[in-house]
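Lettering of chains follows the sequences in order, A, B, ..., and the numbering in each one begins at 1.
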Amino acid sequence: MKNKRNLKNKNLKTKKSEMKKLKTEKLNLTLIFLLIFFVILFLFLFISNLLILDKKQIFTNVIVSNYSGFDLNSTALKFGFVERGQGAQRSVIIKNDFNERAKIIIKIKGNISDFLIVSENNFFLEENQSKEIDFSILLPENLILGEYNGVISILLKKF
Amino acid sequence: MDIKSFNSKEKLINFNSKEKLIIFLSFLIIILSLFNFNLKSTGHSINISDSAVINITIQQRVNINFTLDRINFGRGSIDAGKQNATIDTLGNVTNGNWSQITSGFRIENLGNTNITLYLKSNKNAFEFLGGTNPDYEYLITDEESGSCVPININLSQWYDVNTTGDGTEICNVFSFLEDSDTVNIDLKLIIPSDAGDGSHSDIFTATGIVIDS
């Protein structure tokens with residue numbers, strides 16, 4: 001009877017030990033997976049950053065009003081006063097001064113981004129090549145009167 | 001039993017040196033990744049060279065579009081026996097039953113430089129109205145005295161719309177000064193009796209270009 005109980009206890013201990021081992025292995029696997037994932041993420045972001053040769057940011061805004069107005073500014077892309085349901089266009093010239101072919105990526109952030117459209121994006125420029133890019137806004141009829149702002153980021157990337 | 005199970009859990013948390021290394025590396029990589037992401041999102045990119053390689057020039061011009069839907073003459077018809085009807089944004093309606101419209105477009109120079117102002121339409125009178133001898137004209141006036149200095153046109157005089165290029169230079173100098181920086185654009189339509197039925201619309205484009213000082 002005692003032997004039987006001892007055997008049962010031994011079996012239970014072995015089972016517990018196996019379960020513990022299994023759990024440890026699972027944990028190890030998860031940690032290794034996480035490690036690989038973050039190594040890849042780190043490398044991706046690091047290389048991605050390294051490929052950015054230059055970045056320029058332009059402030060942009062439009063004032064939704066009941067009449068129209070020009071606001072020509074050389075440091076910001078201001079559309080002035082524009083009426084609801086109407087549109088406006090401005091343009092910028094982008095020049096690649098890098099000594100080889102590069103990719104231009106344009107990103108728009110802010111509450112103006114819902115109705116600001118760029119004529120071309122993700123395009124290549126040869127060395128010393130420049131291109132005029134149009135930025136257009138078309139205001140919806142139901143837009144609330146007021147000021148809408150944003151930042152246009154122009155990135156020059158290798159490749 | 002409870003104590004034993006607690007002890008077994010405790011043992012699980014006690015990692016061996018290999019596991020500790022993996023955890024340490026994972027956290028290190030996570031921190032580096034987040035730091036790297038932050039670098040990217042805040043715009044402090046790592047440049048290969050110190051000198052700027054991208055050159056941005058903001059063009060000193062802006063186009064503002066006005067759809068004629070904004071000036072809604074509404075429904076109307078030409079009086080019986082008349083060859084045409086005339087409607088404008090000064091409140092005149094002749095030989096027709098359109099509703100009176102008393103305001104056209106208003107443009108202000110909000111900036112701090114004088115600009116040259118051009119006006120063009122997408123359609124000419126025939127394209128816009130159709131029929132025999134239609135007319136489609138604009139009139140420029142100062143809302144604030146001294147706002148517009150024209151060369152090619154006279155203020156307060158009707159002119160046919162222009163569909164070519166940037167259109168007609170309506171103000172050689174459109175002033176930015178606080179009390180003289182607003183102009184009005186009014187429109188006149190002569191609608192022939194044989195003009196097509198239905199809704200007609202067009203887009204006006206006002207272009208402002210900074211005057212080089």
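For B/Phe174, the part sitting under 4.5 Å from any heavy atom of chain A is the side chain, from C-beta outward, and nothing else. Heavy atoms closer than 4.5 Å to chain A are found nowhere in B/Thr182, neither backbone nor side chain. With a threshold of 4.5 angstrom between heavy atoms, A/Ile137 does not approach chain B through any atom at all. For A/Leu125, no part sits under 4.5 Å from any heavy atom of chain B, backbone or side chain. Of the atoms belonging to A/Thr75, it is backbone heavy atoms, and not side-chain ones, that fall under 4.5 Å from chain B.
Atom CD1 of A/Ile144 is surrounded by 12 or fewer heavy atoms from other residues, nucleotides or ligands within 6.0 Å. Within a 6.0 Å sphere centred on CZ of A/Phe33, other residues, nucleotides and ligands contribute 12 heavy atoms or fewer. Remark: B/Asp197 CG is loosely packed, at most 12 non-hydrogen atoms of other residues, nucleotides or ligands lying under 6.0 Å away. Counting non-hydrogen atoms of other residues, nucleotides and ligands closer than 6.0 Å to CZ of B/Phe126 gives a total of 12 or fewer.
Remark: B/Gln59 CD to A/Ile133 CD1 distance equals 11.5 Å, nearest 0.5 Å. The distance from atom CZ of A/Phe70 to atom OG1 of B/Thr207, rounded to the nearest 0.5 Å, is 6.5 Å. Interatomic distance, CG of B/Asn109 versus CG of A/Leu72, reported as 7.5 Å (0.5 Å rounding). Note: B/Asn65 CG to A/Glu83 CD = 11.5 Å, rounded to the nearest 0.5 Å. Taken to the nearest 0.5 Å, the CZ atom of A/Arg90 stands 10.5 Å off from the CZ atom of B/Arg61. Atom OH of residue A/Tyr67 and atom CD1 of residue B/Ile64 lie 11.0 Å apart, to the nearest 0.5 angstrom.
Side-chain N or O atoms of B/Arg106 include none that pairs as donor or acceptor with a backbone N or O of A/Ser68 at under 3.5 Å. A donor-acceptor pair is defined here as one N or O able to donate and one able to accept, closer than 3.5 Å; such a pair exists between the side chain of A/Asp54 and the backbone of B/Ile54.
For the set A/Ser130, A/Ser91, A/Ala88, the count of heavy-atom pairs under 4.5 angstrom toward chain B peaks at A/Ser91.
Within residues 144-154 of chain B, no residue has any heavy atom closer than 4.5 Å to a heavy atom of chain A. Within residues 111-118 of chain B, the residues approaching chain A closer than 4.5 Å by heavy atoms are, in numerical order, B/Gly111, B/Thr113, B/Ile115, B/Leu117.
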Inset, instruction - Could you give me the CA-CA distance, side-chain angles and deciding distance for B/Ile56 and A/Ile154, then say whether side-chain contact (heavy atoms from CB on, under 4.5 Å) is met? - result: CA-CA 9 Å; B/Ile56 308 291; A/Ile154 302 172; 3.6 Å; yes
